[in-house]
Structure formats: C-alpha cells, structure tokens
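Only one structure is covered here, and it is reproduced in the block below.
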Amino acid sequence: GLTLLSMARTLVMPAAIRHQSDLAEAVASVEMLDVDCSEQREALEEFVGLASRLKRCADVLDGALHAEHTALDVRKHALMLRDKVRPAIDELRGAIDEIERRTADDLWPLPTYREMLFVR
C-alpha cells in the first residue's frame, strides 16, 4: 500500500497534472479562435475530476495506513487491513488505471500494461 501511495503521489499525480495542463492549453487555444470545443472542454472537466479522485483516494489510503499502524491487537490489525487498507488500495489502483488510459503516452512515467505484456 505504501509503495502504491508513493507512486501515486510522486509519479502519477505529476503526470496527470501535466496532461491536465496540456488539455487546458489546447482548450484555451481553440476558444481563442472562437471555435466550438465543447467536447475538448468536457474531456478536460472529466480529467480534472479524475485527478481530484486520485488525490482523494491517495488521502484515504494514507489515512488507512496510519490507522493500521495504531492497531496493536493482531485480529484488529487483520480486520483493519481487510476493511480499510485493501479497499483503499483497490480504489487508488482504479483511479491510477483510469488516468493511465487517458494520459498521453509521452507523459506517463511508468510502464503501461500494454508495454509489460509485450516485453520480451
């Protein structure tokens, strides 16, 4: 969980912000030409929401990991992992996967699933 959290904050979020910035610049450029860009604006708004989701998911996992360290009882520790940490990991992973699908390849800092499948 901690490694995924670190990757989300230090690799994925910066790439998402750069991609979001590129989308915003493209929308602004087209709008300056007084051309309809409602579809591009919608894509930007969706991506902004996705980047916000990534941040929220990272914060939830961070909170779950910190709470997990305070559990001294082995059973409580296991239940916390099952009920808090694992779902937070799954949510964060889902947000990362969605951002990967929408981020330009040249901005993505990690090997994509496609690249990993075809590595020899």
Side-chain angles (χ1 to χ4, degrees):
L2 193 55
T3 301
L4 181 64
L5 180 61
S6 177
M7 286 173 37
R9 288 190 167 155
T10 62
L11 297 172
V12 177
M13 184 57 86
I17 290 170
R18 286 193 304 270
H19 183 74
Q20 180 178 300
S21 178
D22 289 352
L23 287 173
E25 286 179 28
V27 168
S29 295
V30 172
E31 284 179 340
M32 281 182 18
L33 298 173
D34 200 27
V35 175
D36 177 38
C37 64
S38 55
E39 290 181 15
Q40 292 90 342
R41 178 174 280 286
E42 184 178 322
L44 172 60
E45 289 171 3
E46 288 175 5
F47 198 85
V48 168
L50 189 54
S52 295
R53 176 181 161 207
L54 175 70
K55 169 82 168 72
R56 281 192 311 274
C57 290
D59 290 345
V60 167
L61 178 56
D62 193 24
L65 288 169
H66 281 87
E68 181 260 331
H69 288 300
T70 63
L72 300 176
D73 179 89
V74 173
R75 184 175 188 284
K76 286 182 182 178
H77 177 81
L79 290 173
M80 182 148 333
L81 286 173
R82 183 193 73 190
D83 296 339
K84 302 287 185 194
V85 174
R86 185 64 203 189
I89 288 172
D90 291 343
E91 286 294 318
L92 181 56
R93 184 69 228 193
I96 290 171
D97 289 348
E98 187 63 28
I99 286 175
E100 177 187 340
R101 283 191 285 279
R102 295 179 184 218
T103 300
D105 286 346
D106 62 323
L107 296 177
W108 190 249
L110 301 165
T112 64
Y113 283 131
R114 184 176 59 246
E115 290 169 341
M116 287 188 283
L117 286 174
F118 296 105
V119 169
R120 297 175 203 205

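Treat the numbers as computed from the prediction; the structure is a model and nothing was measured.
- Under the rule for a salt bridge (charged side-chain N to carboxylate O under 4.0 Å, His left out), the partners of Asp105 that lie at least two apart in sequence or sit in another chain are Arg114.
- Residues meeting the side-chain hydrogen bond (donor to acceptor under 3.5 Å, both in side chains) test with Glu45, sequence neighbours left out: none.
- Sorted by first and then second residue, the salt bridge (charged side-chain N to carboxylate O under 4.0 Å, His left out) pairs involving residues 2-23 (not counting sequence neighbours) are Arg9-Asp59, Arg9-Asp62.
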Below 3.5 Å, can you tabulate the donor-acceptor pairs from side chains in residues 78-90 to any protein atom, sequence neighbours excluded?
{"from": "Arg86", "atom 1": "NE", "to": "Asp90", "atom 2": "OD1", "distance (Å)": "3.3"}
{"from": "Arg86", "atom 1": "NH2", "to": "Asp90", "atom 2": "OD1", "distance (Å)": "3.2"}

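- Applying the 4.5 Å side-chain rule to ILVMFWY residues, one finds Val30, Leu33 in the same cluster as Val35.
- Glu25 is linked by a salt bridge (charged side-chain N to carboxylate O under 4.0 Å, His left out) to nothing, counting only residues two or more places apart in sequence or in another chain.
- Note that the CG atom of Leu61 and the CZ atom of Arg93 stand 12.5 Å from one another [nearest 0.5 Å].
- Evaluation of the side chain to side chain contact (heavy atoms under 4.5 Å, CB included) rule for Gln20 yields Leu44, Phe47, Val48, Ala51 as partners, not counting sequence neighbours.
- Leu110 meets the side chain to side chain contact (heavy atoms under 4.5 Å, CB included) test with Met7, Leu11, Val12, Trp108; sequence neighbours excluded.
- In this structure Asp36 satisfies the side-chain hydrogen bond (donor to acceptor under 3.5 Å, both in side chains) test together with Ser38, sequence neighbours excluded.
- Taking Glu98 as the reference, Arg101, Arg102 meet the side-chain hydrogen bond (donor to acceptor under 3.5 Å, both in side chains) condition, with sequence neighbours excluded.
- Pairing each heavy atom of Thr103 with each of Ile99, the nearest pair is OG1-O, 2.7 Å.
- Residue Val60 is found outside any hydrophobic cluster, as its side-chain heavy atoms come under 4.5 Å of no other Ile, Leu, Val, Met, Phe, Trp or Tyr.
- Considering every non-hydrogen atom in both Ala15 and Leu107, the closest pair reads CB-O, 3.3 Å.
- Across all non-hydrogen atoms, the minimal contact from Ala8 to Pro14 is O-CD, 4.5 Å.
- Partners of Asp106 by side-chain hydrogen bond (donor to acceptor under 3.5 Å, both in side chains), not counting sequence neighbours: none found.
- A salt bridge is defined here as a Lys NZ or Arg NE, NH1 or NH2 lying under 4.0 Å from an Asp or Glu carboxylate O, and Arg41 with Glu31 meets this definition.
- Heavy atoms only, all atoms of each residue included: Leu54 and Met13 are closest at CD2-CE, 3.7 Å.
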